[in-house]
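Below: one structure, written as structure tokens.
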Protein chains: 2
Amino acid sequence: MGRAQDTESASVSEFGIEMLPRRSALADEVHEAVKELLMDQRIAPGSRMSIDGLARELGVSPTPVREALARLESAELVVKEPLRGYRAAPLLTREQLDDLYRFRLLIEPWAAARAAERITSDGAARLRAEVDSCDMPDENSYAAYKELTAHDDRFHVLIAELAGSAQVRSAFERTHCHLHIFRLYFDRVIGTKTLEEHGAIAESIASGDPGAAELAMRTHLEVASQQRLRPLYDS
Amino acid sequence: MGRAQDTESASVSEFGIEMLPRRSALADEVHEAVKELLMDQRIAPGSRMSIDGLARELGVSPTPVREALARLESAELVVKEPLRGYRAAPLLTREQLDDLYRFRLLIEPWAAARAAERITSDGAARLRAEVDSCDMPDENSYAAYKELTAHDDRFHVLIAELAGSAQVRSAFERTHCHLHIFRLYFDRVIGTKTLEEHGAIAESIASGDPGAAELAMRTHLEVASQQRLRPLYDS
DNA sequence: GAGAAATGGATCCTATAGGAAAGTTCGTAT
DNA sequence: ATACGAACTTTCCTATAGGATCCATTTCTC
């Protein structure tokens, strides 16, 4: 039971490089690949997704595809019609988008305030690093927009993590809000203003001011939902 | 590409009744069966769950078991160790239980207030029906306790539903709080006091008083976490 | 010509078989 | 007696085959 013998075991972690050769990558890789396909709308919202077809296209057997689809169905990214196959989840309606931001307004300002209360020097450093990691690219390419979305996602997840509540973090992650928003608005939405607001939120948290952090986050979400996202819905 | 023709889904919701007779029961049945096994601790927390073993025990092939396990892993009820199999999720630590109730205190009082704002005669009737459906059984059997847990779950889900936010409802359901609490405390926890509090919450919502509903829900959760659940942790 | 029934194709669902990796056990050398 | 090494067993992971169901097209009848 107790393996206390010191047998060097230097060959395992000789290099810090992750040497995981291929640990059950397939099902997880399929999961990520399909999620990417959904995000890029290479699979149109509402369209059918054939298990066999996906398996052929990805070059794997249907079994891992089935497993990945089951997980995506659990995350409400695909819908299962029991004897008729899977379909990509439709785009969010305007009511659902409002509901999503109402939920974010419920948990994220709270998370920002708690993060400010619990802030450490390490946490502040991580926050500033994330803010600085994303310099506004002048090119308005698809890839740049996608990278900005990924940064926005990491930023909000990091705040939920710094709030010290795994439940809040999980609840936020399970909304998959960035995926839904990205699917809704193919064109550029996140821009300089968003990055400036991120900086303000980060500084409020880093300075340990819960009230300012909560307000900054609330303002950020309200601006995003009412000024940036909703107008695009009607166009 | 352009799927402009969508003449379907017109006769789907003609009747609100779900007309799904028995569609693809197996994978879903396995999912429910394993969840039940987890809840009753017939599978001990942290113990290994063999795909093949479960398949033999349930009399099905490993494929639907694999699918069910993938969904349960997505719900964080089991953990997957990539080339070593699945394990039942361990019991909640005291910190995790505190975190769970902190999250419930964040969303459920809000949901109670919104439910009170939006209450209709139909909603009030459903609320009262749920409260009245569960008369306190004098017998302290395992089955009776389980029924009380199920009632408590339905009651809180109903309030989240009446709040009109699918996000909040999903977030609540995905905590699987009743399953975790049931696994933690095999002995009786829910009793007469809980049912009385449910009645007070229901009346506050039914009478359309958001402030009273929010306070009643907050009190209910605080009493449950600090007076009923936490003391049992140390014993 | 229009509607309904039957047939063909495609898809999903379940079961079984084979290959690979990890854990375990036993034997042997020090 | 202990530690190391090799073979075995168990388990998971992937692939393929067969049975059942649903959708679409065609054909027959009124």
Side-chain angles (χ1 to χ4, degrees), chain A residues 1-13 18-34 43 46-74 78-88, chain B residues 3-12 18-34 43-44 46-74 78-88:
Chain A
M1 309 303 181
R3 306 189 165 276
Q5 87 279 14
D6 47 336
T7 57
E8 294 294 325
S9 71
S11 61
V12 174
S13 59
E18 33 191 339
M19 306 179 69
L20 312 177
R22 209 104 176 87
R23 302 182 66 86
S24 174
L26 226 164
D28 290 335
E29 279 183 14
V30 171
H31 179 262
E32 289 302 319
V34 176
I43 299 177
S47 64
R48 299 192 55 177
M49 303 169 66
S50 161
I51 293 178
D52 203 5
L54 279 173
R56 275 194 303 270
E57 189 165 350
L58 297 173
V60 297
S61 78
T63 306
V65 175
R66 175 178 300 275
E67 191 166 336
L69 251 16
R71 282 201 275 174
L72 290 170
E73 192 242 354
S74 206
V78 303
V79 290
K80 177 184 181 183
E81 304 175 11
L83 227 46
R84 301 169 55 185
Y86 286 91
R87 305 179 76 94
Chain B
R3 305 174 49 85
Q5 87 295 1
D6 250 327
T7 56
E8 58 162 347
S9 73
S11 64
V12 171
E18 30 193 338
M19 307 177 69
L20 314 174
R22 204 99 181 89
R23 308 175 75 88
S24 170
L26 223 164
D28 291 334
E29 278 182 15
V30 171
H31 179 262
E32 289 302 319
V34 176
I43 298 177
S47 65
R48 300 192 54 177
M49 301 169 67
S50 162
I51 292 178
D52 203 5
L54 280 174
R56 277 195 302 270
E57 190 164 351
L58 296 174
V60 296
S61 81
T63 306
V65 174
R66 175 179 300 275
E67 191 165 337
L69 251 16
R71 283 201 275 172
L72 289 170
E73 193 242 352
S74 204
V78 304
V79 291
K80 177 185 181 182
E81 304 175 14
L83 228 45
R84 301 169 56 185
Y86 286 92
R87 306 179 73 92

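Predicted, not measured: the structure shown is a model, and the values here were computed from it. Order of the sequence lines sets the chain letters (A, B, ...), proteins ahead of strands, with each chain counted from 1.
- Taking side-chain N and O atoms only, A:Ser50 has no distance below 4.0 Å to OP1 or OP2 of C:dA10.
- To the nearest 0.5 Å, atom OG of residue B:Ser61 and atom CZ of residue B:Arg66 are 10.0 Å apart.
- Between B:Val60 and B:Arg48, the one whose closest nucleotide on DNA chain C sits nearer the 5' end is B:Val60.
- When each of A:Gly59 and B:Arg56 is assigned the nucleotide of DNA chain D bearing its nearest heavy atom, the one mapping closer to the 5' terminus is B:Arg56.
- In the set D:dA15, C:dT16, C:dC13, the nucleotide with an atom closest to the side chain of A:Ile51 is C:dC13.
- Side-chain proximity of A:Ser61 to D:dC13, D:dT16, C:dT14: nearest is D:dT16.
- Rounded to whole Å, the distance from CG on B:Leu54 to C1' on D:dC12 is 13 Å.
- When the nucleotides D:dT14, C:dC12, C:dA15 are ranked by their closest atom to the side chain of A:Pro64, D:dT14 comes out on top.
- Considering all non-hydrogen atoms of both residues, A:Pro62 and A:Asp52 come closest at CG-OD1, 4.3 Å.
- With values rounded to the nearest 0.5 angstrom, A:Leu54 atom CG is found 11.0 Å from A:Tyr86 atom OH.
- Checking D:dC13, C:dC13, D:dT16 against every side-chain atom of B:Arg66, the shortest atom distance belongs to D:dC13.
- Rounded to whole Å, the distance from CG on A:Asp28 to C1' on D:dT14 is 15 Å.
- Between the P atom of C:dG19 and the CG atom of B:Asp52 lies a distance of 18 Å, rounded to the nearest Å.
- As judged by a 4.0 angstrom heavy-atom cut-off over every strand, B:Thr63 is placed among the base-contacting residues.
- When atom types are taken as modelled, the side chain of B:Arg71 and the backbone of A:Glu73 share no donor-acceptor pair closer than 3.5 angstrom.
- Taking the side chain as every heavy atom from C-beta outward, A:Val34 and A:Met49 approach each other to under 4.5 Å.
- Atom CG in A:Leu58 sits roughly 13 Å away from atom P in D:dT14 (whole-Å rounding).
- Taking atom CD of residue A:Glu81 and atom P of nucleotide C:dC12, one finds them 11 Å apart after rounding to whole Å.
- Distance, A:Glu67 CD to D:dA15 C1': 15 Å, rounded to whole Å.
- The interatomic distance linking A:Lys80 (NZ) with D:dT21 (C1') rounds to 14 Å, in whole Å.
- Remark: A:Arg84 is not in phosphate contact with C:dT11, judged by side-chain N or O atoms under 4.0 Å from OP1 or OP2.
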